[in-house]
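What follows is a set of notes on a single structure, which appears directly below.
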Amino acid sequence: MTDFLQGLNDVQRQAVLATEGPVMVLAGAGSGKTRVITYRIAHLIRNVGVSPQNILALTFTNKAAGEMRQRIDGILERGSASSLWIGTFHSVFARLLRSYIHLIGYDRNFSIFDADDSKSLIKQCMKELNLSPETLPVNLVHSAISKAKNSFVLPPEFHRKAIDDQSQKVSLVYERYVHKLRENNALDFDDLLIKPIELFTEHPAVLEQLQGYFKYLLIDEYQDTNRVQYLVAKMIAAQHQNIFVVGDDAQSIYSWRGADITNMLNFNDDYGDAQVFKLVDNYRSTKTILDAANSVISRNTRQIKKELVANSGMGEPITLIEAFNEKREAEKVADHINSIRLSKGAEYRSFAIFYRTNAQSRVLEDMMRQNRIPYKIFGSVSFYKRKEIKDAVAYMRLVLNERDSESLLRVINFPPRKIGDVSINKLKEFAEERNMSLYEAVVHANEGGFQSRLVNALTGFASLIEAMRQQAEAGTVYDVLSMLYETTGLLSLLKEENTPESLARHENLQELLSMTRDFADHNHDAATLGDFLATISLASDYDETQESDNYVSLMTVHAAKGLEFPVVFVTGMEERLFPLNSYEPGELEEERRLFYVAITRAQTKLFLSWAQSRYMYGQPQMCLRSTFINEVDPDLIVTEGGRKLSESPTKVSASAMAGRPVFGSSLRPQPGRPSAKVPTVKPAGSARPTGAAKSEYRPGTRVQHAIFGPGTVLDVQGKGPKQKVKINFRNAGEKTLMVQYANLKVVG
DNA sequence: TGGAACCCGATTTTT
DNA sequence: TCGGGTTCCA
Ligand SMILES: Nc1ncnc2c1ncn2[C@@H]1O[C@H](COP(=O)(O)OP(=O)(O)OP(=O)(O)O)[C@@H](O)[C@H]1O
């Protein structure tokens, strides 16, 4: 047996060596599950003699896939992992579908619609069905449809099960949406998983072929697979049963996306005589961190009890940071980073800052910049979601897939070609009449009886697309994009505008261009336009890591899953933020699992921080410390002063506060239930007061604010629910607040 | 047609 | 507070 297996403990090694038949590794955080998968693949190749292309490994993110490939390369010779199939469910099946999708009536150059594209298509469907987004929010429809798809509930079944009025409406949209996707020759994210099932069902020969090809199937983070993923995996493994899954039910944090722990719980029933291995040694964190994690997760009722034992000593205590507001919180985080760097010589890359919602990143980001701490935000506004990038990509999508009307509509008047709504509607009518796609209608514009001005604009557009198409056939992706930039003058337009925003866009477009270069360099055999588009459709900001760069990582807790950092800050530990407003006990348990994930990312030092007040929707809100902090053994926590929490004067916990009046604060404005202290707000509308408002505020009025303290009104703007007051606070300076939310108390 | 002025709702979390 | 969407006007 080869020596790399030395890097495993006994149970891990057994799991690696059990190469045949169904195997599940069920174990807590940091117990080396991912290592087992990695080594098992290396073992299959090196010792069992399996050819890399016969192994399919599915991960949760592209980043995890990249890292796994790298590590396997590290164990074996360089390049031996290159023909392995490693990727997310989505990227692997997108690639496979390109070879087979013609069998189920799509063109191989199908477009992949991201969430924004899907929503815009849904909006269109709703418009056609006369459903107003006010009564039925697009986001809700989108998530309902996506949830259905992820549970493999297709429109007919959805329709049958739709009882209440709302789901019946959703059902109508769903049906039309699916239809339109097909018209666009497009798949949305969920289709990338559903279409393989359709394909396998309708063409069993294809399934058989793939079953013979993917002789070994391995799945990481199995606890977060959804029903469709489960079904696809089952189909592929049906013959040989060589399915190997690893996961931790305590880290299931994607149930809102259809992830279903029962996939894990039923593994034994689904695959007869499956072997199950449990790893108990944690190699990542200090005992302190692990004890904290264990005490938190033990509060969940729905869980498989698992042992998890530290392999190192207690280490440093957990530090609780309490701050006046979120700015101060961020400042303190920055201070701690600098002081640890100086005292311990830690690199920036050793630090990670986590938060529950993306909105929290802004303040942290500002503070990092102010303190000249290099940082990188993962997620937030993805590069690929930027308008200019989406526009450029839409052009390329249309070039590849002329039925992609979604993309056509996006760029037909960008840059402006004087083709406005009116013209577009005419074009749509014409297309409908002739039963053509929008692009075909554009090509045949001269037969549409349009004004010659419009015909010219449309033909000009068509010839650009046609020229790009020829370029795509003859040249590289780089050539196609260059042609777009040159013909439309996109870059020079932005340069001329010469605002900071336009220059940033200019830079982004340049960046996209250099990405096409890199892409050609890295994928010699598969560098067509289609390959490029498929890759970037499924890529996200979360994927990039450059080991060489040295920066502090900022990300949501969700994005942190699977990662580890020596020093971790979990910020925003406040009631209603983390845990985020949860109404059902099940949701609270998922929040708790999320907290468990956050804690267990830390190797040597953990900070938990919270702020007494925080701006939300531009208004300061009082915050209470998260109950989650009370779920950690107070002996493990010290305050910034170094005092043990268990010995500190008892903090009033959020639960003890519940029901008790807190001065001047409802945590957030409660719609339709104004707190008694809020100055009564007159309903907007016909009875709007005119003339000098009978406001309780006048310049000079002395007021008290829950957070900013005492102050004097300087100015009153507007009236009614939108009334704002400018106040000079004794300690906090000048602020303009909305009366409705400010919870001001008039004093004196 | 396109820009500017306004209004309103949003914050979960991501492939 | 911010950004998307709508409305209104040149
Ligand atoms: N047998 C071992 N000996 C030494 N270190 C190990 C061993 N197994 C794993 N590790 C180390 O422990 C850390 C956690 O391993 P890994 O990421 O594989 O755990 P995991 O179970 O996938 O964690 P999580 O579920 O939290 O993502 C890694 O730094 C890894 O290198």
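A note on names: the letters A, B, ... follow the listed sequences, proteins ahead of strands, and every chain is numbered from 1.
- One finds no side-chain N or O of A/T556 lying less than 4.0 angstrom from the OP1 or OP2 phosphate oxygen of B/dT12.
- In summary, the side chains of A/T262 and A/Y230 do not present any donor paired with an acceptor at a separation below 3.5 Å, with no hydrogens or angles considered.
- Ring orientation note: the planes of A/F93 and A/F89 are close to parallel, at an angle under 30° on the 30°/60° scale.
- Between the side-chain ring of A/W256 and the base of B/dT13, a stacking contact exists by the 5.5 Å and 30° definition.
- The pair A/E365-A/R362 does not meet the salt-bridge criterion, since no charged nitrogen lies less than 4.0 angstrom from a carboxylate oxygen.
- For A/N358 and B/dT13, the shortest distance from a side-chain N or O to OP1 or OP2 is below 4.0 Å.
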Taking Watson-Crick (N1-N3 plus N6-O4 or O6-N4) and G-U wobble (N1-O2, O6-N3), each under 3.5 Å, can you produce the dot-bracket string of DNA chain C? Use [ ] for crossing pairs and | for inter-strand ones.
||||||||||

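- With no hydrogens or angles considered, a side-chain donor-acceptor pair links A/N508 and A/E388 at under 3.5 Å.
- Judged by distance alone with a 3.5 Å cut-off, no donor-acceptor contact links the side chain of A/R356 to the base of B/dT11.
- Counting only heavy atoms from C-beta outward, the side chains of A/L121 and A/L181 approach each other to under 4.5 Å.
- The phosphate of B/dT15 (OP1 or OP2) has no side-chain N or O of A/N226 nearer than 4.0 angstrom.
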Contact list (N/O, under 3.5 angstrom) for nucleotides 1-6 of chain B vs protein:
| from | atom 1 | to | atom 2 | distance (Å) |
| --- | --- | --- | --- | --- |
| B/dT1 | OP1 | A/G420 | N | 2.9 |
| B/dT1 | OP1 | A/S423 | OG | 2.5 |
| B/dT1 | OP2 | A/V422 | N | 3.3 |
| B/dG2 | OP2 | A/N413 | ND2 | 3.0 |

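- Take A/K33 and apply the salt bridge (Lys or Arg N to Asp or Glu O under 4.0 Å) test, not counting sequence neighbours, and it matches no residue.
- Just one of A/L96, A/L218, A/L217 meets the side chain to side chain contact (heavy atoms under 4.5 Å, CB included) condition when paired with A/W85; it is A/L96.
- Below 30°, between 30° and 60°, or above 60°: for A/W256 and A/H558 the angle between ring planes is above 60°, a perpendicular geometry.
- Every residue two or more places apart in sequence or in another chain that forms a salt bridge (Lys or Arg N to Asp or Glu O under 4.0 Å) with A/E221 is listed here: A/K561.
- Dashed line: the shortest gap from a side-chain N or O of A/N150 to OP1 or OP2 of B/dT15 is not under 4.0 Å.
- Backbone-only engagement by A/Y254 is indicated by non-hydrogen atom pairs under 4.0 Å involving sugar-phosphate atoms exclusively.
- Among residues two or more places apart in sequence or in another chain, the salt bridge (Lys or Arg N to Asp or Glu O under 4.0 Å) test is passed with A/R410 by A/D391.
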So which protein N/O to nucleotides 3-5 of chain C N/O distances come out below 3.5 Å?
| from | atom 1 | to | atom 2 | distance (Å) |
| --- | --- | --- | --- | --- |
| C/dG5 | OP1 | A/K123 | NZ | 2.8 |

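- Taking the side chain as every heavy atom from C-beta outward, A/V363 and A/R614 never approach each other to under 4.5 Å.
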